[in-house]
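Both counts, for ligands and for their atoms, begin at 1 and track the order of listing. Everything quoted here is computed from the prediction, not taken from an experiment.
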Amino acid sequence: MRKPVIAGNWKLFKTSAEAVELVKGILPLVTGATNVEIVVAPVFTVLDRVSSVISGSNVNLSAQDCFWEAEGAFTGEISPKMLLDAGCSHVIIGHSERRQYFGETDETVNKKTKAAVAAGLKVLFCIGETLDERESGSTFDVLKRQIAGGLAGVPESDLCSIIVAYEPVWAIGTGKTASDDQAQEAHAFIRGEIKGLYSAAASDAMRVLYGGSVKPENIAGLISRPDIDGALVGGASLKADSFAALVNAAQK
Ligand code: PEP
């Protein structure tokens with residue numbers, strides 16, 4: 001049985017006071033969600049503050065990115081061990097906004113993923129096709145390439161530290177959600193790729209989250225599908241009541 005995951009990507013929102021207010025609002029609303037891996041991903045500068053607030057709770061802390069080196073002359077970067085030091089247990093890698101605006105490639109995603117897992121972080125490994133790619137019928141080729149490239153050299157024994165997030169780029173922040181059928185089809189494909197690259201056991205155990213305009217109104221249909229194990233959520237994670245509603249829907 002795969003434990004569902006609900007992860008909130010706060011993107012470039014929330015000052016420290018706002019982040020603390022948000023997480024303090026979330027905590028009392030999700031205490032009953034014992035069967036959900038709950039994750040929040042604020043900006044780097046507030047990780048430490050949020051970490052103090054969630055200490056001892058059922059909410060886990062994630063960063064939104066990391067570099068692959070542990071330390072060195074890499075101005076502006078942050079390493080997996082620094083994220084651990086700030087209280088993180090998770091890190092998002094390969095988000096489409098990083099691929100689109102910051103030059104992230106399958107190769108850099110791969111280096112970051114390996115470094116983060118080696119340091120002891122769980123990776124929310126993001127993949128997904130653009131609208132053009134979907135419309136030209138290359139969705140599965142893109143997913144195949146992103147999975148093979150991003151996970152190259154990752155041994156099966158490390159897959160327990162990886163959670164795949166399927167996020168069709170055309171559904172992120174647009175209000176357009178993939179239909180339950182479209183999402184399930186992509187998730188089943190992803191699970192099949194993991195099976196082909198690794199094993200049936202690895203594929204069965206892998207959590208595959210859906211991301212793209214997930215809201216309390218559409219989570220139930222998505223999460224009822226056999227290959228959808230939760231959600232990576234942007235907009236709806238920025239309010240305590242909507243994020244908690246998603247967590248509590250996953251608990252059911
Ligand atoms: C995301 O940022 O990963 C995301 C899915 O955003 P939204 O829920 O706002 O589409």
Side-chain angles (χ1 to χ4, degrees), residues 4-14 18-19 22-23 26 36-44 46-47 50 59-66 88 90-102 104 109 112-113 116 122-131 133-134 139 142-143 146-147 150 162-180 182-184 186-187 190 207-223 225 227-250:
V5 182
I6 298 292
N9 174 13
W10 295 1
K11 308 195 189 196
L12 188 56
F13 292 103
K14 307 289 177 190
E18 290 164 348
L22 174 56
V23 81
I26 291 170
V36 182
E37 192 166 313
I38 308 167
V39 183
V40 293
V43 296
F44 291 135
V46 308
L47 288 172
V50 173
V59 175
N60 300 280
L61 189 64
S62 176
Q64 298 176 14
D65 185 30
C66 71
C88 289
H90 295 62
V91 60
I92 298 170
I93 292 181
H95 192 279
S96 66
E97 287 153 13
R98 297 221 57 87
R99 294 179 189 257
Q100 193 176 350
Y101 305 126
F102 302 102
E104 195 82 89
V109 168
K112 291 177 178 188
T113 298
K122 283 196 198 174
V123 172
L124 293 150
F125 170 76
C126 301
I127 57 175
E129 81 287 359
T130 63
L131 186 60
E133 289 163 344
R134 176 158 284 264
T139 296
V142 170
L143 297 179
Q146 290 175 332
I147 294 167
I162 293 178
I163 299 163
V164 177
Y166 167 62
E167 300 204 299
V169 180
W170 49 272
I172 298 181
T174 59
K176 268 192 203 170
T177 320
S179 69
D180 300 347
Q182 281 173 320
Q184 167 57 30
H187 282 232
I190 292 163
R207 270 98 52 91
V208 186
L209 314 185
Y210 170 77
S213 300
V214 174
K215 304 182 263 301
E217 301 76 50
N218 59 25
I219 182 90
L222 290 160
I223 206 149
R225 293 310 182 101
D227 290 302
I228 302 181
D229 304 309
L232 177 56
V233 187
S237 72
L238 295 173
K239 291 224 163 67
D241 54 354
S242 54
F243 185 67
L246 296 172
V247 169
N248 292 318

Side-chain donor/acceptor of Thr130 to backbone N/O of Val169, under 3.5 Å: no
Donor-acceptor pair, side chain of Arg99 and main chain of Cys126, under 3.5 angstrom: yes
Residue and atom name of the nearest protein heavy atom (relative to atom 10 (O) of ligand 1), distance in Å to one decimal: Gly173 N, 2.6 Å
Ile172, portion touching ligand 1 at heavy-atom distance under 4.0 Å: both
Sidechain-backbone polar pair: Asn60 side chain, Ile38 backbone, donor-acceptor under 3.5 Å: yes
Glu167 N/O under 3.5 Å from ligand 1 N/O: yes
Ala171 heavy atom under 4.0 Å from ligand 1: yes
Gly212 touching ligand 1 at heavy-atom level, < 4.0 angstrom: yes
Ile163 side chain near Val123 side chain, heavy-atom distance below 4.5 Å: no
Val208 side chain reached by Asp227 side chain, heavy atoms, under 4.5 Å: no
Nearest protein heavy atom with distance in Å, relative to atom 8 (O) of ligand 1: Gly234 N, 2.8 Å
Close-contact set for ligand 1 against Ser213 heavy atoms, below 4.0 Å: 7 (P), 8 (O), 10 (O)
Shortest protein contact, atom 2 (O) of ligand 1 (heavy atom only): Lys11 CE, 2.6 Å
Ligand 1 contact on Ala165 by region, counting heavy-atom pairs under 4.0 Å: neither
Donor-acceptor under 3.5 Å (Thr139 side chain, Glu129 main chain): no
From Glu97, His95, Gln64, residue fulfilling side chain to side chain donor-acceptor pair (under 3.5 Å) relative to Lys11: Glu97
Ligand 1 N/O within reach of Gly235 N/O, cut-off under 3.5 Å: yes
Protein heavy-atom partner closest to atom 1 (C) of ligand 1 - residue, atom, separation in Å: His95 NE2, 3.3 Å
Aromatic plane relationship, Tyr210 with His187 - under 30° parallel, 30 to 60° tilted, over 60° perpendicular: tilted
